[in-house]
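Labels below follow one simple rule: chain letters A, B, ... track the order of the sequence lines, proteins then strands, and each chain is numbered from 1. In this text the structure is predicted, and so the values were computed from the model without any measurement.
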There are 2 protein chains.
Amino acid sequence: MNRTAVARARTDESTVREKLHAAAAQLFARKGYAAASVQEIVARAGVTKPVLYYHYGNKEGIYRAVLAAALDDFEARVGAVEMLAGSARTRLHRLFGEVFDLFHRHLDVVRLMHSIYYGPPQGAPAFDFDRAVFRLHDTVLKIVRQGQKAGEFQGDAQAMTLALLGACNECIDLELVHPKMAVDAAGFGRVLDVVLRGMRKKVRQ
Amino acid sequence: MNRTAVARARTDESTVREKLHAAAAQLFARKGYAAASVQEIVARAGVTKPVLYYHYGNKEGIYRAVLAAALDDFEARVGAVEMLAGSARTRLHRLFGEVFDLFHRHLDVVRLMHSIYYGPPQGAPAFDFDRAVFRLHDTVLKIVRQGQKAGEFQGDAQAMTLALLGACNECIDLELVHPKMAVDAAGFGRVLDVVLRGMRKKVRQ
DNA sequence: GTCTATACATGGATAGAC
DNA sequence: GTCTATCCATGTATAGAC
């Protein structure tokens, strides 16, 4: 039984790094980069300032660590759904269902990323979100094109991709701003279906 | 010729209030509320701090003035398009065309509002964006329902409204983040058409 | 690795002269 | 109405002891 295992076994104690990471994630998400102070982060983690600077170098360091961890998680999810079988329509439903669900369970982090990505740089260090965003975009576009080749869809692939992503973003945004009025997974499915209906190829009846 | 007219006639001089307003609008939009300092605002306006506090009370005062002016402008536009004639499809195209165009010409302000509305409260005073957002949402929903009654559309009115708004937001967001890849008005029209196609009622052929 | 104490900068806001 | 000078709180970051 080494030292790490001993530390892990204690009461509810995780390592200091983990506590700092968790505290920073919550505060950055709830207050934004500028408004979340180092003082508050260390207070919530139950340590003092030098501990944070020892482990993460500076405020920017722990900020990057938090964002990177969240994005890695997101990419792993998308990657997992990417290689499923089935019709293009089914796979798009699965993909967006997964994304909707993931965002739904991490609204705070989504809110933070959203404001950093789309909003003015609020004194926050630049961070590369594009990799993850492009990943999702390209995955959707790929499935749409496969659907075209298979004769499922017709129309402008880029326009269809944007319409699909827009439907997803709109439902997430609604949840961010008016949780009471937000749609659930079924409601999101109906919004998605409006778009999918506009994509499908007409068949002689 | 009164005193105001004389002041207006001078070189490029507008009133001090107007210069402060313009400087604040730019800086809030480019840096966010917290990161835009009073010092920078007054420097850009070519005056000193007490002037700002004399005219607007405090930082929050000029911030509210900037946002209120922008929202009033937006609501006036939506109101103007609201009472047009034509098919539901045509009116939706006109409405979103107007909104897309307006946002396009004020990207900085849109960016600011976006981050305040969807993002974490970055130390910024609370501000009521809901009035304007609901206004657009309700206008779209109303036209959609009229389209249903007229036999133009079929389906879930709420889902269709969200799909339309999502298409619009997606194109604006794209412009905010990747101007190079952004779609123009025609491209936006195509995205809108994907959704509208999914809304329309099938006719026997 | 973690603490106390502190240096140092910035930012919001005001007093008081003009 | 506008200026100069200044107050004071907060925030990032570090020195140095343990």
* Apply ring pair (Phe, Tyr, Trp, His ring centres under 6.0 Å) to Y117(B) and list each qualifying residue two or more places apart in sequence or on a separate chain. => F129(B)
* Asked: Taking only residues two or more places apart in sequence or in another chain, which ones pass ring pair (Phe, Tyr, Trp, His ring centres under 6.0 Å) with H93(A)?
  -> none
Once you round it to whole Å, what is the distance between [atom2] of [N] and [atom1] of [X]?
{"X": "Y54(A)", "N": "dG1(C)", "atom1": "OH", "atom2": "P", "answer": "4 Å"}
{"X": "Y63(B)", "N": "dG12(C)", "atom1": "OH", "atom2": "C1'", "answer": "17 Å"}
{"X": "Y56(B)", "N": "dT2(D)", "atom1": "OH", "atom2": "P", "answer": "12 Å"}

Do the charged groups of [X] and [Y] touch, with an N to O distance under 4.0 Å?
{"X": "K142(A)", "Y": "D138(A)", "answer": "no"}
{"X": "E75(A)", "Y": "R131(A)", "answer": "yes"}
{"X": "R89(B)", "Y": "D193(B)", "answer": "yes"}

What pairs of donor and acceptor atoms, side-chain ones from residues 41-50 of chain B against any protein atom, are under 3.5 angstrom apart with sequence neighbours left out?
unit_1: R44(B); atom_1: NH1; unit_2: Q26(B); atom_2: OE1; d: 2.4

* Structure fact -> Sequence neighbours excluded, the answer for side-chain contact (heavy atoms from CB on, under 4.5 Å) partners of E98(A) is R77(A), V81(A)
* Structure fact -> Under a 4.0 Å heavy-atom cutoff, the residues of residues 20-32 of chain A touching DNA chain C are none
* To do: Classify every nucleotide of nucleotides 4-18 of chain D by which part a protein heavy atom approaches to under 4.0 Å, writing B for the base, S for the sugar-phosphate alone and - for neither, in 5'-to-3' order.
  => B------SBBBB---
* Is it true that atom CZ of R135(A) has more than 12 heavy atoms of other residues, nucleotides or ligands lying nearer than 6.0 Å? -> yes
